[in-house]
Amino acid sequence: MTGKKTIDLKVNLGKLRLKNPVMTASGTFGYGEEYSEFIDINKLGAVVVKGLSLKPKQGNPPPRIVETPAGMLNAIGLQNIGIENFINKKLPFLKQFDTPVIVNFFGDSIAEYVKAAGILNSAKGIHALEMNISCPNKQAGWSIFGTDPKVTFKVVSQVRKATDLTLIVKLSPNVTDIGLMAKTAEDAGADAVSLINTLTGMAIDIKSRKPKLANITGGLSGPAVRPVAVRMVWECYKTVKIPVIGMGGILSAEDAIEFILAGASAVAVGTGNFINPRTTMDIMEGIECFMADNGIKSVKELTGAVQC
Amino acid sequence: MTGKKTIDLKVNLGKLRLKNPVMTASGTFGYGEEYSEFIDINKLGAVVVKGLSLKPKQGNPPPRIVETPAGMLNAIGLQNIGIENFINKKLPFLKQFDTPVIVNFFGDSIAEYVKAAGILNSAKGIHALEMNISCPNKQAGWSIFGTDPKVTFKVVSQVRKATDLTLIVKLSPNVTDIGLMAKTAEDAGADAVSLINTLTGMAIDIKSRKPKLANITGGLSGPAVRPVAVRMVWECYKTVKIPVIGMGGILSAEDAIEFILAGASAVAVGTGNFINPRTTMDIMEGIECFMADNGIKSVKELTGAVQC
Amino acid sequence: MDRLLKASVIENRQLINNHYLLTLQPLKKIRKPGPGRFFMLTVDDGLDPLLKRPFSIHRWTGGNFQILYRVAGKGTHLLSKKKQGDTIEAIGPLGNGFNVGKTQNNIILVAGGIGIAPVFALAETISKRKPLLFYGTRTKKEALCIDNLKSLGIKPVMSTDDGTLGTKGNIINVMKKHLTRSTLSTDCVIYACGPGPMLRSLSEFTKKHGLKAYAALEQNMACGLGTCLGCVVNTVNGYKRVCKEGPVFPIDEIIW
Amino acid sequence: MDRLLKASVIENRQLINNHYLLTLQPLKKIRKPGPGRFFMLTVDDGLDPLLKRPFSIHRWTGGNFQILYRVAGKGTHLLSKKKQGDTIEAIGPLGNGFNVGKTQNNIILVAGGIGIAPVFALAETISKRKPLLFYGTRTKKEALCIDNLKSLGIKPVMSTDDGTLGTKGNIINVMKKHLTRSTLSTDCVIYACGPGPMLRSLSEFTKKHGLKAYAALEQNMACGLGTCLGCVVNTVNGYKRVCKEGPVFPIDEIIW
Ligand SMILES: Cc1cc2nc3c(=O)[nH]c(=O)nc-3n(C[C@H](O)[C@H](O)[C@H](O)COP(=O)(O)OP(=O)(O)OC[C@H]3O[C@@H](n4cnc5c(N)ncnc54)[C@H](O)[C@@H]3O)c2cc1C
Ligand SMILES: Cc1cc2nc3c(=O)[nH]c(=O)nc-3n(C[C@H](O)[C@H](O)[C@H](O)COP(=O)(O)OP(=O)(O)OC[C@H]3O[C@@H](n4cnc5c(N)ncnc54)[C@H](O)[C@@H]3O)c2cc1C
Ligand SMILES: Cc1cc2nc3c(=O)[nH]c(=O)nc-3n(C[C@H](O)[C@H](O)[C@H](O)COP(=O)(O)O)c2cc1C
Ligand SMILES: Cc1cc2nc3c(=O)[nH]c(=O)nc-3n(C[C@H](O)[C@H](O)[C@H](O)COP(=O)(O)O)c2cc1C
Ligand code: FES
Ligand code: FES
């Protein structure tokens, strides 16, 4: 048995160093403030904040969420306070902690993506960028960033030029070939890919005959999608050389280890934060125990260690 | 209120007439024998049998199934007794009933698809064919039939020439644009599309570090996938003029009505048969009650009636 | 960490039909929360239902708190199966409750259906100021807390959909008539909780008469903490989170 | 329809650690099933766990049947929470059980761990023919049914992993020694149930000595009826369904 003391949880995402592989998933952790009551943010591998755009966005009308079997649909519509407000009002809070801040962002055009990346790049206290090219709440042809490899290549390589921060590309699972999308991001200069974003879904109230979400469709997350997410992480791990960040229905250390074995260098907890705000901490401790029990010294040994 | 007597459950799939919209999903109902103990097969809208190929197929090694949150993964590997054995040994049983028999089939090449369709076309007692172009248990480039529209068009139009039976094309959900796949099937001469087949997924046992399925990946079915299935049925309904057959996690009349409102002309029950062998019967009665309670005369009025 | 807690089920009493009163003992000490605030409760340990469910604080009795709830679906059905000694995970108290000015008199309370749960909590807090309570339910049986209200010296003006208790019909209409008959002073403040249509018609009434009113709203919730942005309502100042800025809002802010 | 039934929980008794004995009363009359057959039981009403779980018939007592089970995961954990009066949905009896020739004497039974559940059922059926029972468990505490076996006149040859009862070590080794000491007649037939490794080493032994043996196998199941093809094992005659052709197979057919 390896004592807990000698266990090495450190992982690297490009040039970014994390003290452990457990991050938060964008859009499920706000800008960190609310959860600081429940967990020690200093202990997190990284904080990934709610997706930001150049201008504040009001998002979709309610109802925005609905529960589904072992999952939930959301159609928040990327409501956010805008990059400027984030930098001025929210980043100072996050800077207090000894934990990397990863900013998830998006744009309505390549130009907006590039501009956003540029502004974020020069703000102090941001350690990495996560480009959301995958939100399924479509507006005016918007979803093509994440589903058409040509467009993906274009937007990622342009953003690459605009920032020297670690650049993570967040992939959509709503594609035929996830490996190809990961490869495209890698070729365009991404330092890592993260997946999965939500699967597009829909639920209908049979009494009113109306969609349960005002936006009609929404994104499916939670344990229901986990098998799909694990498979996609495994496919990406086999296809690209850059690190893969896995997420999709992670609620426990077991779940997290499943993703790591499938090929994830780090994992993110999304819906799990809602079910229990301490989920990230429990996972971290659970991974440590698992490693101690199994004599594993470095969590890096587990990445992709599934025996197929 | 409409009395139950005047309720019209009849639906059409191409030239095929069903007495009600509740069918069984391929691979979950065997060839009907086992379930005849639990339900009256005469009452079903249609029976869809386990996928058949020209030659018998032994399928994948075990373990072949594993439960996941509100769902299950299967990697049966299309084990089947072959078309000839089916016609000689199983079809006679099904012919006894006043219920259309829909034969699900697949091939390893276009030639095999065409040959299979031809043989099935000349067997007496088969009412429609369902082409499985979507099984995710890939072998040797096999999955492209259901994910590359060009190949899909080719195989469907060739099969179309080989049969004058109602031809249903069963679509894979593992694609970027399900509407395009449905349109491709329609353009190639399909009389209907059915969806969804299973979503490709994976589960890993963290203790042994091995995939829980011997085949590594498998197909996810059950309530977990329902929101994805409903969304895809809705997209196909908007895109094509031919009838859509909806399935994916249907366990109750409410679930079935959700699919019908999204655009399904008929629905199929898969995993639901395992949970309770009487699921199809309960759904049929539940749809009837719903229609009586809501003064709906024909179930056709409900197809696509979601108010978006 | 203070607001993440486990609580032990002391009692889960069926009051009538699908209405239950759940008494919980927090396994650590928590301070008495104000009326209108709420807890997110785990209704089951499994993955379906997945999310916690929000419930208002109904009563606070010597360190225990009570939830008055109606079985609305799967989650509340499972909650109704909890037995004495079972443990429930809770987050709370959450949100902004009813904030009654210390000197405010002339208080009018309006409750529709299970909306009595938080309205009773408020009534208990300010009972000495003799609030006027309008309370509508579907039928006589579903008129809850009547005895407890009496102990507080409050005799609600009732209405029921089927006329089995009080006036037949909708409580806002009853309130309108009642308040027009008596002198409708503009320094009164209304606090309400109930179904959407009730609150909407209340809001039309208060706008018309320039009255101050606050309503506790409901919305599907995932986190209850303000992070998921799932529970917003549309207000004159944009979308606001029911779990964080609410659940109690000035009624004239809400865009119905 | 006969094999789809509801059953009422009469008792769900914890025997030791994570082993329970569940007594069920079918809500309609069913015939006594043979040993080695099984039921698919609903462990929860929700969607997670989704599938029914297979359990062997352990005992049949005046119209009630008993399931002897070990908590292995989520489903069996939920099963262990069932209380008297709860209703469980069941399908069964299913599969092909132990088929002992009417004149067969010289019967050897082998059980490993919870494999005692169906092996006991068989022992009870043929107890008059004085079967020899080899029974291995992890530890003394987990040796179940010993008293009931005694009432049948059967005193098992025991082994435990930790040596707290019987010989320390694996039951197949114990059996090997025992059978070599006594005269190993070739007209004996072995019936076994237990973990995979146990059955595999039993099969090596029986092959070597040309003995007839049958084993009850386990496999993940979805339907239990033979339709999903999910539960196959590899045999010399190709894949066979544990739920339909099995769960009892001639041990020499199985490809381990
Ligand atoms: C701040 C707040 C306080 C509340 N206080 C009480 C109370 O004191 N007593 C009481 O009986 N009820 C209260 N509710 C309503 C209660 O939360 C819902 O009835 C419950 O969540 C329904 O869950 P279910 O699984 O039984 O129903 P479901 O089958 O999930 O749905 C039934 C109905 O409840 C709604 N609903 C489902 N999930 C939620 C959710 N997470 N949040 C809000 N609504 C939801 C659905 O939209 C649907 O209309 C409150 C709601 C909020 C937002
Ligand atoms: C014919 C047959 C008879 C059985 N009889 C008994 C018995 O009498 N007493 C007893 O304690 N156990 C018996 N079992 C085993 C029992 O079915 C499993 O322990 C149970 O299904 C585990 O469910 P779970 O949710 O608790 O565990 P999970 O968390 O789902 O899994 C724990 C382990 O059980 C296995 N398992 C899960 N689901 C199934 C399934 N549907 N079928 C088979 N294995 C599964 C998993 O592969 C895993 O190894 C029998 C199994 C079969 C096939
Ligand atoms: C309410 C909600 C809001 C989300 N917002 C964002 C977002 O702004 N940007 C983004 O890239 N992903 C967003 N996601 C997706 C999550 O980051 C994550 O990829 C997904 O939910 C799968 O993980 P999970 O199953 O653990 O939730 C959101 C998810 C949820 C549930
Ligand atoms: C065990 C199993 C076997 C299946 N075999 C087939 C098959 O042979 N051919 C096919 O087209 N679909 C097959 N399917 C897919 C189902 O027909 C259906 O499309 C899918 O399971 C979704 O529906 P459900 O969630 O109701 O199960 C199979 C599904 C399961 C679970
Ligand atoms: S419930 Fe998540 S923000 Fe209100
Ligand atoms: S469990 Fe379905 S075939 Fe055996």
Side-chain angles (χ1 to χ4, degrees), chain A residues 66 68-73 136 143 146-148 172-178 199-211 216-220 222-235 249 251 253-262 290 294 302 305-308, chain B residues 66 68-73 136 143 147-148 172-178 199-212 216-220 222-235 249 251 253-262 290 294 302 305-308:
Chain A
V66 60
T68 66
M72 63 177 280
L73 286 170
S143 73
T147 54
D148 179 340
S172 167
N174 302 295
V175 296
T176 307
D177 187 347
I178 193 76
L199 278 163
T200 310
M202 177 175 179
I204 300 171
D205 182 317
I206 67 166
K207 272 167 216 148
S208 68
R209 299 195 187 178
K210 287 198 186 126
I216 304 176
T217 62
L220 185 64
V225 308
R226 193 164 64 230
V228 174
V230 170
R231 185 263 299 181
M232 288 189 166
V233 164
W234 180 68
E235 287 192 2
L251 301 187
E254 284 204 15
D255 300 342
I257 294 163
E258 193 180 359
F259 275 87
I260 295 171
L261 290 171
F290 176 86
N294 290 278
L302 289 176
V306 62
Q307 287 161 16
C308 290
Chain B
V66 58
T68 65
M72 64 176 280
L73 286 170
S143 74
T147 54
D148 179 339
S172 166
N174 302 296
V175 297
T176 308
D177 187 346
I178 193 74
L199 279 163
T200 310
M202 177 175 179
I204 300 170
D205 183 317
I206 68 166
K207 271 166 218 150
S208 67
R209 297 196 189 177
K210 287 199 186 125
K212 289 186 180 172
I216 305 176
T217 62
L220 184 64
V225 308
R226 193 163 65 229
V228 174
V230 170
R231 185 263 299 180
M232 288 190 165
V233 164
W234 180 67
E235 287 192 4
L251 300 186
E254 283 204 16
D255 300 343
I257 294 164
E258 193 181 358
F259 275 87
I260 295 172
L261 290 170
F290 176 86
N294 291 277
L302 289 175
V306 60
Q307 288 160 18
C308 291

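Chain A is the first sequence line, chain B the second, and so forth, proteins listed ahead of strands; every chain is numbered from 1.
The most heavy-atom pairs under 4.5 Å with chain A, out of A229(B), G201(B), G222(B), come from G201(B). Comparing G249(B), A305(B), A262(B), P69(B) by heavy-atom pairs within less than 4.5 Å of chain A, the highest count is held by P69(B). If you tally non-hydrogen atom pairs under 4.5 Å between each of I257(B), D177(B), I260(B), I178(B) and chain A, the highest count goes to I257(B). Ranked by heavy-atom pairs under 4.5 Å with chain B, the first of V225(A), V233(A), I206(A), L261(A) is I206(A).
Considering only heavy atoms from C-beta on, V228(B) stays 4.5 Å or farther from T200(A) through its side chain. Between W234(A) and T217(B) the shortest side-chain heavy-atom distance falls below 4.5 Å.
A distance of 9.5 Å separates NZ in K212(B) from CD1 in I204(B), rounded to the nearest 0.5 Å. Here the straight-line distance linking atom CD of E254(A) with atom CG of D205(B) works out to 8.5 Å at 0.5 Å rounding.
Only the side chain of L73(A) comes within less than 4.5 Å of a heavy atom of chain B; its backbone N, CA, C and O stay farther away. Only the side chain of L302(A) comes within less than 4.5 Å of a heavy atom in chain B; its backbone stays farther off. Looking at F259(B), neither its backbone nor its side chain comes within 4.5 Å of chain A, counting heavy atoms on both sides.
P211(B) is linked by a side-chain contact (heavy atoms from CB on, under 4.5 Å) to V306(A), C308(A), I216(B), counting only residues two or more places apart in sequence or in another chain.
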Give the intermediate values and the outcome of side-chain contact (heavy atoms from CB on, under 4.5 Å) for residues L199(B) and N174(B).
CA-CA 6 Å; L199(B) 279 163; N174(B) 302 296; 3.6 Å; yes
